[in-house]
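This report refers to the structure that appears directly beneath it.
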Number of protein chains: 2
Amino acid sequence: MPKNCNFIEKLREVGLRPTKQRVKMCEVLYNREKTFHFTINDLVKLLSEKMNQKISLATVYNTVHAFEKKGYLKEISIDSHKSYFDTNTSAHHHFFDEDTQELIDCDENDIDKINIKKNITGKKINSVEVLVRVASDNQTQK
Amino acid sequence: MPKNCNFIEKLREVGLRPTKQRVKMCEVLYNREKTFHFTINDLVKLLSEKMNQKISLATVYNTVHAFEKKGYLKEISIDSHKSYFDTNTSAHHHFFDEDTQELIDCDENDIDKINIKKNITGKKINSVEVLVRVASDNQTQK
DNA sequence: CAACAGTTTAGAATTATTATAATGTAGATT
DNA sequence: AATCTACATTATAATAATTCTAAACTGTTG
Ligand SMILES: [Mn+2]
Ligand SMILES: [Mn+2]
Ligand SMILES: [Zn+2]
Ligand SMILES: [Zn+2]
């Protein structure tokens, strides 16, 4: 992601008003070297740290979902109790570290292209995603 | 799954007391031709239909989680709002039909074995799961 | 700068899940 | 077979996550 790119224009392009909350969220989410994964909770903390004024929880939810719908964010669900959003919206796979609860992008070359030999009749494939759960090697239960 | 197999013994084997609720849940879940996918809500409905006495919601949650921990059930998370349990606990992949919200097992031969070329250092792979999202072919948005 | 439509907000409402604590029961012990 | 005890079930309350509501606010247009 390029630094200091014009989020106001970017928001306008997809039909979202460049309100200060949305621009601030863009900065927090996209004004960084690498893409990253976060929970709603993570984001609320990040925003309250980086903002002078307060932001309503409802606004965080609304804006995240607006961004998701517009393709600025992608949701990655780990289990019923843990769900992440991803600023990397391209098709990619993940490792999930069960020790640290960390979600890690799979390098494009680390998994061969998945070949679906037989699809459900009359349906088109929207996405193919792999989740690799990993954990510490020395986890011998007593 | 074999019909009328002895659930009481099966439960004892893994150290769960064969109480009447647990045996009834085994019957509802495993006394059928094919494995299946269900939400907690689905299961509550199934149980209240098939049972003479009432079963507490807390017991359904407790028992599902007991079964999950013992490897009788597997959780499949679609997104933060939708999570299924699977009576097929073997490693397998899924199609998710976004039109009908139906989760469908992938046939073993329909996806080639996933080859993870590079894993996170010092971690072992616990599972590799593919989720293929599909939807109706003629979904042209106006 | 007036007008409007879309946005934010605090707080209430809803939903899903878990905790609590009293009662019930399976399986072991007499 | 009666008793015992640990574990399970239950109704209900509590908690947590998310969404709704309706009033106030603000970016955009003309
Ligand atoms: Mn969502
Ligand atoms: Mn669970
Ligand atoms: Zn990612
Ligand atoms: Zn399945």
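Naming convention: chains lettered A, B, ... in sequence-line order (proteins, then strands); numbering from 1 in each chain.
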Give a yes-or-no answer on whether the side chains of B:S90 and B:N88 include a donor-acceptor pair shorter than 3.5 Å. yes
What I'd like to find out is whether the side chain of B:L29 reaches to under 4.5 Å of the side chain of B:L73, using heavy atoms alone. yes
Could you write out each protein N or O paired with an N or O of nucleotides 9-13 of chain C at a distance under 3.5 Å?
residue, atom, partner, partner atom, Å
C:dT9, OP1, A:Q21, NE2, 3.1
C:dT9, OP1, A:K54, O, 3.3
C:dT9, OP2, A:S56, N, 3.1
C:dT9, OP2, A:T59, OG1, 2.6
C:dA10, OP2, A:K54, NZ, 3.0

Kindly indicate whether the side chain of A:E75, heavy atoms from C-beta on, has any atom under 4.5 Å from the side chain of A:D86. no
Whether each nucleotide of nucleotides 23-30 of chain D has a protein heavy atom under 4.0 Å at its base (B), only at its sugar-phosphate (S) or at neither (-) is summarised, 5' to 3', as ----BS--
Round to the nearest Å and state the distance from A:H81 atom NE2 to D:dA17 atom C1'. 12 Å
Could you state the CZ-P distance from A:R22 to C:dG6, rounded to the nearest angstrom? 11 Å
Would you mind reporting whether B:H92 and B:E108 have side-chain heavy atoms less than 4.5 Å apart? no
Any B:Y61 side-chain N or O less than 4.0 Å from OP1/OP2 of C:dT18: no
Can you tell me how far C1' of C:dT25 sits from CG of B:L11, to the nearest Å? 15 Å
Distance check needed: C:dT7 C1' versus A:H65 NE2, whole Å only. 17 Å
Without decimals, in angstroms, what is the distance between A:E75 CD and D:dT18 C1'? 12 Å
Hey, are the side chains of A:N126 and B:E98 touching, using non-hydrogen atoms and a 4.5 Å cut-off? yes
Whole-Å distance separating the NZ atom of B:K24 from the P atom of C:dA26: 15 Å
Min side-chain heavy-atom separation A:R32-A:Y30 under 4.5 Å: no
Without swapping roles, check the side chain of B:K117 against the backbone of A:I111 for a donor-acceptor pair under 3.5 Å. no
Figure out the CG/P separation between B:L16 and C:dA26, and round it to whole Å. 15 Å
B:K82 has an atom NZ; how far is it from atom C1' of C:dT15, in whole Å? 14 Å
So, B:D42 and B:H37: side-chain donor and acceptor under 3.5 Å apart, yes or no? no
State which residues pass ring pair (Phe, Tyr, Trp, His ring centres under 6.0 Å) with A:F67; sequence neighbours excluded, sorted by chain then number. A:Y72
